[in-house]
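Working notes, structure below.
Every chain is numbered from 1 and lettered A, B, ... according to where its sequence line falls, protein lines coming before strand lines.
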There are 2 protein chains.
Amino acid sequence: MSRSFIVAGAQLGPIAKEESRPAVVARLCAMMREAKARGAELVVFPELALTTFFPRWWPESQDEIDRWFETEMPGPETQPLFDLAVELEIGFHLGYAELTPEGRHFNTAILVGPDGAILGKYRKIHLPGHRDRQDWRPFQHLEKYYFEKGDLGFPAFDAFGGKLGMCICNDRRWPETWRMLGLNGAELVVLGYNTPLHYPPAPEHDHLQYFHNELSIQAGCYQNGLWAVAVAKAGFEEGCELIAGSIIVAPTGEVLARTQGSGDEVITARINLDRCSEIRRNVFDFAQHREPEEYRKIAER
Amino acid sequence: MSRSFIVAGAQLGPIAKEESRPAVVARLCAMMREAKARGAELVVFPELALTTFFPRWWPESQDEIDRWFETEMPGPETQPLFDLAVELEIGFHLGYAELTPEGRHFNTAILVGPDGAILGKYRKIHLPGHRDRQDWRPFQHLEKYYFEKGDLGFPAFDAFGGKLGMCICNDRRWPETWRMLGLNGAELVVLGYNTPLHYPPAPEHDHLQYFHNELSIQAGCYQNGLWAVAVAKAGFEEGCELIAGSIIVAPTGEVLARTQGSGDEVITARINLDRCSEIRRNVFDFAQHREPEEYRKIAER
């Protein structure tokens with residue numbers, strides 16, 4: 001497969017609490033069709049793309065937790081997305097809440113090939129927010145309560161003619177995420193996010209939410225010489241405003257495409273995985289210039 | 001001492017190959033006076049601030065190397081800078097080439113208190129460029145030939161009412177530098193750079209040199225919740241154009257002051273070290289949210 005291809009980011013507008021999975025999947029399918037029509041070979045959907053961002057509520061029962069989670073992938077309600085991918089011969093990335101047969105809960109993303117096969121899975125490692133109910137907040141951010149920390153590391157998968165990695169939402173703020181993916185050989189990182197515009201513990205930074213999103217992604221790309229497609233669930237969802245600003249970023253850190261609204265919206269760009277070497281063979285030639293023995297504290301608890 | 005104070009960045013325009021140390025020190029002293037007049041308690045000078053950027057030439061003899069290095073600090077030619085600091089009661093940061101009594105060569109920076117005492121020393125760890133003569137280049141970048149890798153780690157020093165760290169030029173591009181300084185408690189990082197606008201191995205990125213400088217520094221500040229003063233030696237020096245763009249950056253990643261030219265120029269901003277906690281107690285509360293056991297590869301050769 002060619003290492004130069006068109007990639008799409010498929011930003012989602014808000015998903016209502018009572019919106020059904022089939023209704024959401026229909027929205028995803030519509031964007032998959034648009035991505036294909038615009039020449040894309042891979043379309044990236046956001047984090048937890050099948051439901052509203054449920055960690056904003058304190059659950060009253062285990063059932064109320066589990067209703068947000070998928071016990072199989074594909075399942076009956078997500079099968080149409082896989083079928084359409086096969087029909088159109090387009091790959092996709094999807095974030096969803098995963099409940100394993102052992103009863104473990106993860107914030108998960110998968111990479112699916114144009115033949116409908118799951119090529120890779122990632123489980124979110126940097127879970128933000130809090131574990132306890134905090135009634136002073138206008139909304140909760142209970143990811144540490146709903147999910148276990150991911151147990152799959154930061155792998156890069158052979159796919160689309162190169163090496164693809166994934167991370168999810170808050171992971172993108174951490175330089176360690178990008179460095180681990182870079183060291184593992186990722187040439188393209190795909191990720192989704194649900195990021196409230198309002199951050200209750202430090203509201204004085206609310207106006208910087210877009211900036212911090214782009215800054216983290218651009219730095220991660222430049223400092224590791226890799227591409228990224230970063231896709232939001234955006235807009236005013238159940239009383240909570242989520243930032244938009246989905247972007248496709250080059251290994252130079254340059255933003256090549258950006259959404260213009262807060263609803264369902266597709267962006268595309270042609271990417272060439274060979275361009276990673278412009279950075280990796282030069283300023284960030286890791287073998288030549290990294291000094292790992294000086295970084296020990298980074299890996300110590 | 002108050003944790004809120006005014007800091008100055010003192011950008012240097014070009015230094016000619018034949019310009020004498022006393023002539024350069026006079027330029028530094030003039031900017032130190034301006035910084036003081038504008039209320040600064042600390043003034044930051046760039047990397048290798050006493051000479052032209054000599055690693056651009058292949059040396060013909062050991063003497064030709066050693067002429068660029070200081071064997072004592074202060075020495076007779078730099079003593080006026082220390083004397084003026086004591087007279088004005090202002091601290092400073094200075095980059096210079098250090099030749100130790102054991103004959104070791106380092107790219108070094110020191111932090112000097114308003115009483116003229118050296119409070120801390122750093123030796124550059126990420127040496128860019130090459131070790132061998134490469135005649136295809138319009139100018140050499142022989143830092144790996146002129147200098148040994150620094151042997152002092154990334155310490156943070158008790159100074160100016162808080163914890164101050166240093167790094168030098170290419171160090172600023174590496175997220176590990178900022179993370180090590182952050183983990184060591186730095187609240188303000190001061191640094192200097194000599195960055196050619198033209199990067200011979202990848203000239204297609206020349207127009208991004210300013211962007212990459214700011215991106216790396218802004219990300220380092222935000223992702224570690226610390227302040228930075230980053231100061232250039234700038235302008236057209238011995239046939240080589242150096243980027244300017246000296247900046248003072250807040251723990252939010254926001255640029256609060258920026259030089260407007262490529263010559264000798266002072267910028268100032270009021271910084272408050274207490275603002276680091278806005279970031280460090282929240283999104284980047286390391287104790288709560290870092291996952292070091294997932295980062296092992298970062299510290300492995």
Side-chain angles (χ1 to χ4, degrees), chain A residues 125-130 144 149-151 153-154 170-171 173-180 182-184 199-202 204-205 208 211-212 215-216 218-224 252-254 275 277-279 281-285 287-301, chain B residues 125-130 144 149-151 153-154 170-171 173-180 182-184 199-202 204-205 208 211-212 215-216 218-224 252-254 275 277-279 281-285 287-301:
Chain A
I125 285 175
H126 295 96
L127 296 168
H130 46 105
K144 284 186 195 288
K149 195 193 89 172
D151 60 350
F154 294 102
N170 182 50
D171 284 322
R173 301 186 192 270
W174 296 84
E176 290 92 345
T177 298
W178 298 95
R179 184 61 96 223
M180 286 299 300
L183 289 171
N184 287 333
Y199 182 70
E204 67 273 25
H205 298 166
L208 301 173
F211 166 61
H212 287 159
L215 177 62
S216 301
Q218 290 180 290
C221 287
Y222 167 57
Q223 291 172 328
N224 294 280
T252 53
E254 291 168 287
R275 287 200 61 203
S277 66
E278 292 171 19
I279 298 289
R281 285 195 195 148
N282 292 304
V283 178
F284 295 121
D285 179 335
Q288 277 260 23
H289 299 308
R290 289 186 83 242
E291 303 289 356
E293 62 280 12
E294 302 291 340
Y295 310 151
R296 269 179 234 128
K297 203 168 194 166
I298 292 173
E300 288 168 5
R301 174 60 71 179
Chain B
I125 286 175
H126 295 96
L127 297 169
H130 47 104
K144 284 186 194 290
K149 194 194 89 171
D151 59 350
F154 294 102
N170 182 49
D171 284 321
R173 300 186 192 271
W174 296 85
E176 291 91 345
T177 298
W178 298 95
R179 183 62 94 221
M180 286 300 300
L183 289 170
N184 287 333
Y199 182 70
E204 66 274 25
H205 298 168
L208 300 173
F211 166 60
H212 287 158
L215 177 62
S216 301
Q218 290 181 289
C221 287
Y222 167 58
Q223 291 173 327
N224 295 280
T252 54
E254 292 168 286
R275 286 200 61 202
S277 65
E278 292 170 20
I279 298 288
R281 287 197 194 146
N282 292 305
V283 179
F284 295 120
D285 179 336
Q288 278 260 23
H289 299 307
R290 288 186 85 241
E291 304 290 354
E293 62 280 13
E294 303 290 340
Y295 310 150
R296 267 179 236 130
K297 204 167 193 165
I298 292 174
E300 288 167 5
R301 174 59 74 178

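In terms of heavy-atom proximity, A:Arg179 sits nearest to B:Pro175 at NH2-CD, 3.2 Å.
Using a 4.5 Å cut-off between heavy atoms, B:Gln288 touches chain A through backbone and side chain atoms alike. With a 4.5 Å cut-off on non-hydrogen atoms, B:His205 touches chain A through its side chain but not through its backbone. Heavy atoms of A:Leu215 lying under 4.5 Å from chain B belong to its backbone as well as its side chain. Both the backbone and the side chain of B:Ile125 come within contact range of chain A, each with at least one heavy atom under 4.5 Å from a heavy atom of that chain. When heavy atoms are compared at a cutoff of 4.5 Å, B:Arg290 approaches chain A by way of both its backbone and its side chain. With a threshold of 4.5 angstrom between heavy atoms, B:Phe284 approaches chain A through its backbone and through its side chain.
No side-chain heavy atom of A:Glu176 sits less than 4.5 Å from a side-chain heavy atom of B:Glu176. Residues A:Phe211 and B:Gln218 form a side-chain contact, since some pair of their non-hydrogen atoms from C-beta on lies under 4.5 Å apart.
Counting heavy-atom pairs closer than 4.5 Å to chain B, the top residue among A:Leu183, A:Asp285, A:Ile279 is A:Leu183. Per-residue counts of heavy-atom pairs under 4.5 Å with chain B were compared for A:Asn170, A:Leu127, A:Thr177, A:Val283; the largest is that of A:Val283. Counting heavy-atom pairs under 4.5 Å between each of B:Ala287, B:Ala202, B:Pro201 and chain A puts B:Pro201 at the top. Interface check for chain B: of the options A:Glu278, A:His212, A:Arg173, A:Arg281, the most heavy-atom pairs under 4.5 Å are formed by A:His212.
Between A:Lys149 and B:Glu293 there is a salt bridge, since at least one side-chain N of the basic residue sits less than 4.0 Å from a carboxylate O of the acidic one. Under 4.0 Å is where a charged nitrogen must lie from a carboxylate oxygen, and between B:Arg296 and A:Glu300 no such pair does.
Separating the NZ atom in A:Lys297 from the CG atom in B:Asn184 is a distance of 4.0 Å, to the nearest 0.5 Å. If you take CG on B:Asp171 and CD on A:Glu294, they are separated by 10.0 Å, rounding to the nearest 0.5 Å. Interatomic distance, CG of A:Asn282 versus OH of B:Tyr199, reported as 4.0 Å (0.5 Å rounding).
Without hydrogens or angle criteria, B:Gln223 side chain to A:Trp174 main chain gives no donor-acceptor distance under 3.5 Å.
Aromatic ring orientation, A:Tyr295 versus B:His126: parallel (interplanar angle below 30°, classes split at 30° and 60°).
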